[in-house]
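First up is the structure itself, then whatever we jot down about it.
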Amino acid sequence: MDDNIEEKSKGIDFIRQIIDKDNETGKYDSRVHTRFPPEPNGFLHIGHAKSICLNYGIVKEYGGKFNLRFDDTNPSKEETEYVESIIEDVRWLGADWENRLFYASDYFEQLYEYAERLIKIGKAYICDLSADEIREYRGTLTEPGKNSPYRDRSIDENLDLFRKMRAGEFADGEKTLRAKIDMSSPNLNMRDPVIYRILHTAHHRTGDKWCIYPMYDFTHCLSDSIERITHSLCTLEFEDHRPLYDWYLDQLEIYHPQQIEFARLNLSHTILSKRKLLQLVESKMVSGWDDPRMPTIAGFRRRGYTPESIRDFCNRIGIAKADSLVDIALLEHCIREDLNVHANRVMVVLDPVKVIIDNYPDDKVEWLDAVNNPEDESAGTHKIAFSREIYIERDDFMENPPKKYFRLYPGNEVRLKHAYYITCTDVVKDENGEIIEIHCTYDPESIGGGTVDGRRVKGTLHFVSAKHTVPVEVRLYENLFTIPEPNNPPDDKTFIDFINSDSLKILKCCLAEPYLANAKQGDRFQFMRRGYFCVDIDSTENNLVFNRTVTLRDTWAKMQKKISK
RNA sequence: UGGGGUGUCGCCAAGUGGAAAGGCAGUGGCUUUUGGAGCCACUAUGCGGAGGUUCGAAUCCUCCCACCCCAGCCA
């Protein structure tokens, strides 16, 4: 209850306002029943997550029910593989359909009967027009259509023909069942839409039982009705299908859900169109639907995103009817916020350069304590190794540093995280001028990373002990596209022209601390000063592979960028 | 030039006739053994535009403008 009050003061979205009103008036006996109705013709993406979170979130808040229903009415595009991935993704996101997993194909017999009923009340007819002819007869946006010459067939003839359609007596495309509505309606959806088409194609669930398949518009609203859905939430483009749904439901005199439309999600620097995502997959521009650069649920999961962070994102973007483009920075903020509290800190050097601490004993090894998570004391500590030779990041050293660079450079003292202060004394290069060794001295008094004299160092570096490393592979990801709106490319370009060639960098020679040796697939860590990473499914015992989920916020990089501009 | 929608800060988004919420991004500062995290502050005399109603308008009325969706036997 308190939660509700708080929600209200923050302003609830217009859909929840409608539900509140319906509950007050008792429109559906205060029942709230939603559903998520995907077509199994591709993987779910973050836009679907928005819908799932909306539908399921409402159900949790109102104590209602939530169905998962596959709208599988087009056998030529749908596959069991997609059904399986969708079930996995919805479950991973945390939505619970209990025992209500349905398929529109479960209703084929019922739907067929509804269709016969329409014929029997004179509201549907068999049309012999070809696809092209139907288009011609439909008219245009500004001109009304013409009645089909087959529009006035008798009920008996229609019924007979429809049964013959079902019996397989006609070839694909030879006939359709059409609603008899109004060919001059300004709403093209009402110009005698097709209800059933002939498709001699096996269905992933019903096999070859059917050779006629109902169209989406007919199936969808009736499926919602059959399931006693109260609020059918869908995206804006179905707004002018609503009169058609109302028409079907009214003609058949059956239970009538309330459809409410909201704006679909657009995310910057990526693409959320199943057709285009399929194109990326089929052209091998990405490794698959679950490529960590893909905006699919499977992609985000593999990338290291948590379901919590995606739900948080979906709650933050809100629900409205205005077309919008959400900045992907918000999604990144959500995963950082989650992982900051939950990911253990470890040290991994991505691009190693050797540092020799000349005054540290040759054969000595110390095992020092490292706090796992400064944000969560209960996360505990682990041991890290320290010895005379260590590796640090190549970009944590500069011979001639710019102003405000407070990492390692000749004469400068920095802190090695959890270990000692070191001061750079010398640099050794090879014949190409490449730095191969950095020499330092350390202050034994600074053990643990502080000194009794309280002197300050500005820089703190991560490192690994040279003799105590785990070699790992690291995959760095960036946005898949270089422009904010690849869906709306400038000039005569296409989204393909803006694929980011730097969206994946594979680093094969990274060095991790021993603590990571036992990391398992899916484990998430913060690599200190580098970002959040998770163990990829490509990982094996001999080759640990980490995906960078997201970088840390990097004010130094930001400063550099500004200077270079 | 048909119909259906939408316009509030760089990006989302509350607001439903009585002082323009909040988040992200950005900026400045404090703090910090991650240039992380955290904390504080700043950022719309203005709500697509023009008129009108009203003591009072982002909210009501009129006209205009811009953008999105619809002419699959796809969903």
Side-chain angles (χ1 to χ4, degrees), chain A residues 9-13 17 37-39 41 71-74 76-78 127 129-131 134-136 138-145 172-178 184-191 193-199 213 215-217 219-220 235-243 261 263 268 274-275 315-334 336-337 340-341 345 347 371 374-375 404-407 415-419 421 446 448-450 456-462 484 526-531 551-559:
Chain A
S9 71
K10 276 188 279 182
I12 61 170
D13 59 70
Q17 288 176 18
E39 183 194 12
N41 68 342
D71 272 345
D72 54 351
T73 58
N74 185 349
S76 55
K77 288 188 177 177
E78 295 150 8
C127 182
L129 256 24
S130 70
I134 285 184
R135 191 182 328 113
E136 283 163 29
R138 185 156 34 225
T140 68
L141 294 179
T142 50
E143 301 158 28
D172 286 6
E174 205 177 316
K175 287 182 164 42
T176 57
L177 178 70
R178 292 229 259 161
S184 65
S185 171
N187 181 346
L188 303 211
N189 293 123
M190 302 299 271
R191 319 241 263 228
V194 171
I195 301 176
Y196 266 86
R197 75 285 216 188
I198 301 170
L199 238 37
Y213 291 93
M215 296 292 291
Y216 169 84
D217 279 335
T219 308
H220 185 77
T235 45
L236 257 24
E237 66 269 30
F238 294 105
E239 216 151 8
D240 40 54
H241 293 232
R242 182 160 23 97
E261 307 86 7
S268 77
K274 273 198 214 170
R275 205 202 94 239
N315 288 145
R316 287 183 192 231
I317 56 178
I319 299 293
K321 294 191 73 164
D323 290 320
S324 63
L325 177 69
V326 175
D327 194 333
I328 199 164
L330 179 60
L331 217 210
E332 294 178 344
H333 169 81
C334 292
R336 284 194 189 104
E337 195 172 80
N340 176 46
V341 187
R345 274 60 170 170
M347 296 201 280
V371 169
E375 306 292 327
K404 292 200 172 169
Y405 182 87
F406 40 79
R407 278 115 94 148
R415 173 168 39 237
L416 293 172
K417 182 74 182 174
H418 300 310
Y421 287 5
S446 64
R456 299 279 184 167
V457 291
K458 290 271 262 193
T460 299
L461 311 186
H462 61 282
Q526 184 196 95
F527 290 5
M528 293 201 89
R529 305 206 303 136
R530 291 280 96 128
T551 62
L552 257 24
R553 277 180 69 226
D554 190 344
T555 50
W556 171 246
K558 216 175 276 175
M559 275 170 64

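These values consider heavy atoms only, across backbone and side chains, with no hydrogens, waters or symmetry-generated copies.
Per the geometry, OH belonging to A:Tyr196 stands 16 Å off P belonging to B:C73, to the nearest Å. Spacing between atom CG of A:Asp72 and atom C1' of B:C74 amounts to 14 Å, rounded to whole angstrom units. Remark: C1' of B:G36 and CG of A:Leu461 are 14 Å apart, rounded to the nearest angstrom. A:His333 places its NE2 atom 14 Å from the C1' atom of B:G26, with the value rounded to the nearest Å. If you take NE2 of A:His220 and C1' of B:A75, they are 10 Å apart, rounded to a whole angstrom. Remark: C1' of B:G4 and CG of A:Asp323 are 13 Å apart, rounded to the nearest angstrom. Residue A:Leu552 contributes atom CG, which lies 11 Å from atom P of B:G38 at whole-angstrom precision. A:Asn41 places its CG atom 19 Å from the P atom of B:G72, with the value rounded to the nearest Å.
For B:G22, the base adopts the anti conformation, since its glycosidic angle falls more than 90 degrees from zero.
A heavy-atom distance below 4.5 Å is not found between the side chains of A:Met215 and A:Ile195. No side-chain heavy atom of A:His220 sits less than 4.5 Å from a side-chain heavy atom of A:Thr73. Using a 4.5 Å cut-off on side-chain heavy atoms (C-beta onward), A:Arg345 and A:Val371 make no contact.
Put simply, the side chain of A:Arg553 and the base of B:G35 share no donor and acceptor less than 3.5 Å apart. Residue side chain A:Glu375 reaches the base of B:G36 through a donor-acceptor N/O pair under 3.5 Å, judged by distance alone.
Counting non-hydrogen atoms under 4.0 angstrom, A:Arg345 reaches a base of the nucleic acid. As judged by a 4.0 angstrom heavy-atom cut-off over every strand, A:Arg456 is placed among residues touching the sugar-phosphate backbone only. Among the atoms of the strands shown, none is found under 4.0 Å from any heavy atom of A:Thr219. Residue A:Lys274 is out of contact with every strand shown, counting any heavy-atom pair closer than 4.0 Å. No engagement by A:Leu199 is indicated, since no non-hydrogen atom pair under 4.0 Å with the nucleic acid exists. Contacts of A:Leu141 with the nucleic acid, taken as non-hydrogen atoms under 4.0 Å apart, include base atoms. Among the heavy atoms of the strands, none lies under 4.0 Å from A:Ile328. Residue contacts shown for A:Tyr213 are absent, as no nucleic acid heavy atom lies under 4.0 Å away. Across all strands, A:Arg529 comes closer than 4.0 Å to base atoms (heavy-atom distances). Contact annotation for A:His241: base contact, defined as any heavy-atom pair under 4.0 Å involving a base atom. A:Pro243 comes within 4.0 angstrom of nothing in the nucleic acid, heavy atoms only.
For B:U8 and B:G49, the C1' atoms lie 15 Å apart once the distance is rounded to whole Å. Nucleotides B:U34 and B:G38 place their P atoms 14 Å apart, quoted to the nearest Å.
Results of the side chain to side chain donor-acceptor pair (under 3.5 Å) test with A:Asn41 over A:Lys274, A:Glu78, A:Arg275 single out A:Lys274 as the only residue that passes.
Considering only residues two or more places apart in sequence or on other chains, A:Glu337 meets the side-chain hydrogen bond (donor to acceptor under 3.5 Å, both in side chains) condition with A:Arg316, A:His333.
Of the charged side-chain nitrogens involved, at least one lies within less than 4.0 Å of a carboxylate oxygen, so that A:Arg242 and A:Glu261 count as a salt-bridged pair.
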